[in-house]
Amino acid sequence: MNPERGAFGFLSSFSDCLMVLMVIAPITGVIGNTVPFILSKHFKFDIVIYAVVSIPFVSQLIAVLFGQDKMPGARTFGGLCIITAGLIICNNGNKTRIADKINEIIAKHKKMEDYSLSQTF
């Protein structure tokens with residue numbers, strides 16, 4: 001960020017504005033939206049979601065390391081803990097639901113096997 005022009009300094013000249021809106025924004029938008037989908041092919045979806053949710057926190061820490069921002073406050077840490085706990089609860093509920101469905105399919109399949117065996121004899 002330019003200390004003389006501020007956060008919206010790119011709006012001061014037409015060429016800077018054009019560069020940001022036509023080149024930088026589309027590239028970062030495409031990368032930011034496609035990378036999680038690509039990663040979900042190689043990693044478990046929960047891991048990708050945890051990474052995506054923690055991006056703002058990690059970027060804040062990087063800004064602190066480079067001297068661009070202050071250390072996040074207690075609300076940020078509290079919010080991150082609440083979001084992480086919510087994701088863990090949802091993930092565990094989803095695993096339970098999937099396990100119940102699998103057990104239901106197995107039980108149904110066993111009943112079909114019993115029926116088909118009794119018909120052959």
Side-chain heavy-atom pair Ile38, Phe43 within 4.5 angstrom cut-off: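 No; the side chains remain at least 4.5 Å from each other.
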
Donor-acceptor pair, side chain of Gln68 and main chain of Ile62, under 3.5 angstrom: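 No, because the side chain of Gln68 does not come within donor-acceptor range (under 3.5 Å) of the backbone of Ile62.
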
Shortest non-hydrogen contact from [X] to [Y]?
X: Lys70; Y: Val64; answer: O-CG2, 3.1 Å
X: Pro26; Y: Val20; answer: CD-O, 4.2 Å
X: Pro36; Y: Ile31; answer: CD-O, 4.5 Å
X: Gln60; Y: Asp69; answer: NE2-OD2, 3.1 Å

[atom2] on [Y] to [atom1] on [X], rounded to 0.5 Å:
X: Arg97; Y: Ile102; atom1: CZ; atom2: CD1; answer: 10.5 Å
X: Thr28; Y: Asn33; atom1: OG1; atom2: CG; answer: 9.0 Å
X: Phe37; Y: Phe45; atom1: CZ; atom2: CZ; answer: 7.0 Å
X: Thr84; Y: Ile49; atom1: OG1; atom2: CD1; answer: 12.5 Å
X: Lys108; Y: Asn103; atom1: NZ; atom2: CG; answer: 14.5 Å
X: Leu39; Y: His42; atom1: CG; atom2: NE2; answer: 7.5 Å

Give the cluster check for [X] versus [Y]: same hydrophobic cluster or not, with ILVMFWY residues linked at side-chain heavy-atom distances below 4.5 Å.
X: Ile83; Y: Leu80; answer: no
X: Met22; Y: Phe14; answer: yes
X: Leu87; Y: Val52; answer: no
X: Phe66; Y: Val58; answer: yes
X: Ile55; Y: Val48; answer: no

Residues, nucleotides or ligands: over 12 heavy atoms within 6.0 Å of Phe77 CZ: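 Yes, because the 6.0 Å sphere around CZ of Phe77 holds more than 12 heavy atoms from other groups.
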
